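Working notes, structure below.
Order of the sequence lines fixes the chain letters, A, B, ..., with proteins taken first and strands second; residue numbering starts at 1 for each chain. Quick caveat, the model's predicted, so the values are computed rather than measured. Heavy-atom basis, side chains included; hydrogens, waters and symmetry copies ignored.
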There are 2 protein chains.
Amino acid sequence: MISIKDVARQAGVAISTVSKVLNHYPNVSEETREKVNKAVEELNFLPNSVAAALSSKQAGRVALLVNLSKKTQVVGEIDLQYIQGAINKAMELNLDVITLFFSMFQNRTLEEMIRYLKSQSITGIIIYGLTREEETLLELIDSSQFKCVIIDAPIVNENTSCVGIDNLRAQYDVARKTIEENNCKKVLYITGKKNGYVTDERLHGMEELTKELGLTMMVCDGSFSELRSRNITLKYGKDNDVVVCASDLMAIGAMKALTEMDIFRPVCGFDGIILMGYVGKQMNTVRQNFAEISAMAMEELQRLMSGGKGRRVGTAYTLARMKYMDIIC
Amino acid sequence: MISIKDVARQAGVAISTVSKVLNHYPNVSEETREKVNKAVEELNFLPNSVAAALSSKQAGRVALLVNLSKKTQVVGEIDLQYIQGAINKAMELNLDVITLFFSMFQNRTLEEMIRYLKSQSITGIIIYGLTREEETLLELIDSSQFKCVIIDAPIVNENTSCVGIDNLRAQYDVARKTIEENNCKKVLYITGKKNGYVTDERLHGMEELTKELGLTMMVCDGSFSELRSRNITLKYGKDNDVVVCASDLMAIGAMKALTEMDIFRPVCGFDGIILMGYVGKQMNTVRQNFAEISAMAMEELQRLMSGGKGRRVGTAYTLARMKYMDIIC
DNA sequence: TTGTAGGCGTTATCAT
DNA sequence: ATGATAACGCCTACAA
């Protein structure tokens with residue numbers, strides 16, 4: 001394997017000089033910079049990231065902490081896009097990434113988690129799918145041992161940023177659109193998990209909307225479960241004239257229930273997953289670009305790791321309908 | 001951060017002795033072994049994997065090379081299970097993992113790929129979704145620079161193993177079941193991509209079956225595309241009395257087409273993805289446990305990395321029907 | 001059986 | 001502006 005040493009020899013300079021050029025240090029003459037770059041080209045040199053990680057305490061590695069939604073069986077779509085977006089961006093930024101799942105830390109203490117992450121030279125973490133139930137993770141964030149970026153949970157401090165859409169607004173928007181299109185008065189709102197951060201925000205969006213339009217609203221805990229949403233709809237669907245769901249999966253469950261009951265009620269979902277295109281009926285939904293959000297999170301993490309302070313980063317969304325013929329190819 | 005040095009001091013032995021205990025070397029007295037382990041416990045020591053990777057040339061890291069199926073829009077389910085299965089097993093085996101995607105190496109030469117992987121201290125690779133079109137990857141495997149495990153492609157050599165089900169048999173089985181259940185004579189077979197390894201194997205399964213049962217078979221290239229399958233079915237579905245597809249997605253496309261044409265034909269798919277449960281009609285399919293397959297691949301890779309020779313590893317499958325009420329919760 | 005010392009490829013701190 | 005040199009944490013001959 002060809003190393004920085006070879007480059008140094010080839011360029012006729014010291015190892016440390018090569019390192020400086022590689023890392024864009026200021027005090028290097030244009031002349032040597034060129035010599036070194038030429039040698040790098042000639043030798044096709046690529047720095048060993050493992051050695052770099054070991055040596056420098058600042059250019060650490062980042063961990064993706066993914067909460068695989070096993071609860072719903074439709075695994076994958078969102079999480080994979082998160083992972084992909086993050087990894088691609090990381091490669092662009094020259095950051096090392098390892099992917100981890102919540103389940104790996106199931107019964108671990110805070111100290112064990114920290115130890116493990118440190119043993120991997122992790123200095124930055126992106127967390128996907130955090131809920132209030134993950135107490136140890138919340139402590140981890142609080143511990144300030146790592147730079148963190150949280151997706152879709154409003155946690156911000158010195159070392160922690162959050163990125164995500166404005167859930168309140170988005171829920172308001174998609175529900176309003178659906179309600180106005182169908183001239184509804186009584187809305188059945190099926191929420192996400194009790195302890196989910198987005199759950200509250202979205203609910204507030206509905207509260208604002210129903211108050212503003214003078215609607216009545218029945219709120220049921222769907223826990224992001226397609227089955228629960230289905231049962232709730234079977235029970236209360238008929239008595240309301242629109243079903244607003246805090247997730248697409250729940251919207252699908254609701255729609256399937258309505259179809260079975262052979263009654264029509266407009267339904268809207270949240271997230272814009274491809275699966276929505278398969279259920280026949282078109283529904284309004286909030287569409288997010290998960291890969292892009294994740295890429296932004298990675299950029300934000302890099303900012304934090306190089307000294308930036310935690311902050312809130314907003315991402316975009318659109319209202320959409322997923323049509324079968326659009327999504328297949 | 002607490003290091004091997006601290007453990008050595010605490011145990012009153014030399015650093016190298018600690019290392020020996022940690023790595024289960026033979027020549028260590030029971031007494032010192034206990035002293036060291038006690039110190040490890042007390043200090044909650046966890047070895048730094050980055051340093052280990054840098055130091056030892058043998059305990060390298062492994063890369064997951066995933067071919068994200070962008071062609072079909074239903075991304076995720078299979079790939080994510082692969083990733084999850086591999087990472088979980090790797091953690092168990094104490095192996096470092098990084099996840100990469102084919103797209104990252106789109107226009108890269110063999111040398112560039114090798115350089116990159118070496119710069120990451122990669123010594124083992126698991127490849128998911130390989131086709132004959134990935135020429136550079138095939139060269140990479142041939143180069144013998146890394147230990148490789150290929151999923152679902154019959155490539156075996158000194159440093160390369162493959163793991164996967166018997167595609168010929170599985171295709172034969174699921175088709176036979178469907179055909180016998182419905183007493184069919186004329187089968188429309190929609191294949192996967194021309195250059196996919198499994199495509200041929202599955203086709204051979206069909207050839208064996210149709211010959212054995214004396215059926216007529218019409219073979220169309222579906223390229224794993226739901227849309228193509230749909231169009232093929234629209235065109236030829238009526239003239240045949242069963243549609244056998246080399247993937248679930250294509251089975252769904254075929255079924256949707258049949259439904260639109262308002263005719264019934266039994267359809268069977270391949271893979272057992274959750275999505276199958278959403279399309280209403282139940283279809284036979286071959287169910288694979290992707291996470292488990294991937295875990296086996298990781299174990300096989302470890303075997304290779306510790307000196308084992310390449311070989312073929314078979315995995316299990318079952319025939320199943322995906323029912324909506326079974327898959328939601 | 002145990003310890004010493006050199007090396008893995010970088011980065012970072014000093015002199016120069 | 002450049003170059004020695006000491007870390008970084010661990011592994012592994014080799015020596016004791």
Side-chain angles (χ1 to χ4, degrees), chain A residues 1-36 39-40 43-61 94-96 115-123 305-306, chain B residues 1-36 39-40 43 45-61 94 96 115-123 305-306:
Chain A
M1 181 174 178
I2 143 148
S3 80
I4 197 174
K5 199 189 297 181
D6 305 303
V7 177
R9 188 167 353 95
Q10 173 96 355
V13 300
I15 291 181
S16 51
T17 306
V18 176
S19 178
K20 280 169 194 159
V21 173
L22 258 34
N23 296 291
H24 306 102
Y25 271 58
N27 289 332
V28 181
S29 75
E30 194 52 42
E31 189 187 3
T32 41
R33 185 182 307 283
E34 276 172 18
K35 268 196 299 187
V36 170
V40 167
L43 298 176
N44 278 328
F45 170 72
L46 219 51
N48 181 315
S49 69
V50 173
L54 176 61
S55 171
S56 115
K57 290 295 91 182
Q58 83 171 23
R61 312 160 73 206
N94 250 299
L95 289 172
D96 255 32
R115 268 215 322 278
Y116 178 75
L117 294 170
K118 297 233 164 178
S119 83
Q120 297 277 5
S121 294
I122 301 295
T123 61
M305 294 200 302
S306 47
Chain B
M1 183 176 179
I2 142 145
S3 81
I4 197 175
K5 198 190 296 181
D6 306 303
V7 177
R9 188 167 352 95
Q10 173 96 354
V13 299
I15 291 182
S16 56
T17 306
V18 177
S19 178
K20 281 168 194 159
V21 173
L22 258 35
N23 297 291
H24 306 101
Y25 269 59
N27 289 332
V28 180
S29 76
E30 194 52 41
E31 189 187 2
T32 40
R33 186 183 305 283
E34 275 174 17
K35 268 197 299 188
V36 170
V40 167
L43 297 176
F45 169 73
L46 218 53
N48 181 315
S49 70
V50 173
L54 176 61
S55 167
S56 109
K57 291 295 91 182
Q58 81 173 25
R61 312 162 74 207
N94 251 298
D96 256 31
R115 268 216 323 279
Y116 178 75
L117 293 170
K118 298 234 164 179
S119 82
Q120 297 276 7
S121 294
I122 300 296
T123 62
M305 294 201 302
S306 47

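When the side-chain contact (heavy atoms from CB on, under 4.5 Å) test is applied to B:E30, the partners found at least two apart in sequence or on another chain are B:R33, B:E34. The side-chain contact (heavy atoms from CB on, under 4.5 Å) check on A:L43 picks up A:I2, A:D6, A:V7, A:Q10, with sequence neighbours excluded. Contacts of A:N44 classified as side-chain contact (heavy atoms from CB on, under 4.5 Å), with partners at least two apart in sequence or in another chain: B:R115.
Checked by atom type and distance alone, the side chain of B:N23 never pairs as donor or acceptor with a backbone atom of B:Y25 at under 3.5 Å.
At the heavy-atom level, A:S49 lies nowhere under 4.0 Å from the strands shown. Residue B:V50 is classed as having no contact, given no heavy-atom separation below 4.0 Å to the nucleic acid.
Remark: P of D:dC10 and CG of B:N94 are 13 Å apart, rounded to the nearest angstrom. Look at CG on A:D6: it is 9 Å from P on C:dG9, rounded to the nearest Å. The CD-P distance, from B:E30 to C:dT2, rounds to 11 Å in whole Å.
With D:dC10, C:dT10, D:dC8 as the candidates, the nucleotide lying closest to the side chain of B:A51 is D:dC10. Residue A:N48 has its side chain nearest to C:dT10 when only D:dC8, C:dT10, C:dG7 are considered. The nucleotide whose nearest atom lies closest to any side-chain atom of A:N27 is, among D:dT2, C:dT11, D:dC10, D:dT2. Closest to the side chain of A:S29, out of D:dA1, C:dT11, D:dC8, is D:dA1.
Sequence neighbours left out, not one pair with a member in residues 13-23 of chain A passes salt bridge (charged side-chain N to carboxylate O under 4.0 Å, His left out).
Residue-to-nucleotide proximity on DNA chain C shows that, of B:V28 and A:N23, the 5′-proximal contact is made by B:V28.
Comparing the helix axis at one end of the helix from C:dT1-D:dA16 to C:dT16-D:dA1 with that at the other, each defined from 5 consecutive pairs, gives an inter-axis angle of 50° (nearest 10°).
Residues B:S29 and B:T32 have side chains that bring a donor and an acceptor to within less than 3.5 angstrom of each other.
For D:dA1, neither phosphate oxygen OP1 nor OP2 lies less than 4.0 angstrom from any side-chain nitrogen or oxygen of A:Y25.
For DNA chain C, the residues of residues 9-21 of chain B within the heavy-atom distance limit of 4.0 Å (strictly under) are B:V13, B:A14, B:S16, B:T17, B:K20, sorted by number.
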